[in-house]
Amino acid sequence: VRVITGLRDIQATTDAIRVVGQRIGVVPTMGYLHEGHISLVQKARERSDVVIMTLFVNPTQFAPTEDLETYPRDFENDCAKAEAAGVNLLFAPTPREMYPPEFSIVVEPGILGSDLEGIVRPTHFLGVLTVVAKLFHLTRPHVAVFGQKDFQQAMLIRKMVRDLDFDVEVLVAPIVRESDGLAMSSRNVFLSPDERSRAIGLSRGLHAGAARIAGGERNVSSVKAAIHRELPAGDDINVDYVRIADPEFLQPLEMLTSGTSVVMLLAVRVGKTRLIDNMVVPVPQ
Ligand code: PAF
């Protein structure tokens, strides 16, 4: 796979691709690729002629207390996986070029950015939206693909594209799970074997919630109780949130309305590893 690191190089390359009328599909990642990322590449491939993967562990979306230094990295392996998945160009800029010392302009995520993930990670989405805006200007995609696992992130990126008039179609690909249900994440590598086995409680919780809703439950407290019963428990477990919300604005619901759909969103710290997961379900008539 061809690797480009320079900002002006990628712009010149993507300009040339557009000039000959080819469609560009971009898959933004922070590397340490797993099957979830590969599914995003496949979706991008269906909708474009040239697939660009960006690989950049973006420092501005990590708080000083978070895991920027230890975030898993394996550039050689990522190149091999990207190549095997059919990525045409891998854009891997340096932090120094992305954020030169005089860098100061950012994208402010608005009110949704301080809810849910934003409560625990107040500067996170400002970092995400700023880097995604930069990556869009550099790679000039017709279509960009993000994973549903980061539901709030995907929603904020869609909103940024709408509010700031980016000419990019944002697609969201379904969560890819391990065979036991754990949502794939680069951070799963941090889980000890014991934590790993208890982490499946997140997807079990979502399935329990979905079963209650499918069975006719309309009271959110009862659905949440069913979810909580499945979540891992213990001194090393911290449930940051369990929210049942409308999938459009992520506002918490108290009662569910038949014929709508809702999203169940979870964030749980298992030991030192923070896991998120979600599921969108219909509320039957
Ligand atoms: O989802 C991610 O991996 C990151 O938040 C993203 C979108 C690549 C921005 O750094």
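One-based numbering, in listed order, for ligands and for the atoms of each.
- Rounded to the nearest 0.5 Å, atoms CG (D78) and CG (L90) are 7.5 Å apart.
- Annotation: atom 2 (C) of ligand 1 to nearest protein heavy atom, Q153 NE2, 3.8 Å.
- By heavy-atom distance, the residue among K149, M30, Q61, K134 lying nearest atom 10 (O) of ligand 1 is Q61.
- Every residue two or more places apart in sequence or in another chain was checked for a side-chain hydrogen bond (donor to acceptor under 3.5 Å, both in side chains) with D9, and none qualifies.
- Using a 4.0 Å cut-off between heavy atoms, I157 makes no contact with ligand 1 at all.
- Contact detail for E217 and L256: the closest heavy-atom pair is O-CD1, 4.0 Å.
- Of the inter-residue distances, the one linking D150 atom CG with F125 atom CZ reads 7.5 Å to the nearest 0.5 angstrom.
- Exactly one residue among R158, H142, R47 makes a side chain to side chain donor-acceptor pair (under 3.5 Å) with E169. That residue is R47.
- In the vicinity of V131, heavy-atom distances shorter than 4.0 Å reach the ligand 1 atoms 9 (C), 10 (O).
- Atoms of ligand 1 lying under 4.0 Å from at least one heavy atom of P28, given by number and element, are 8 (C).
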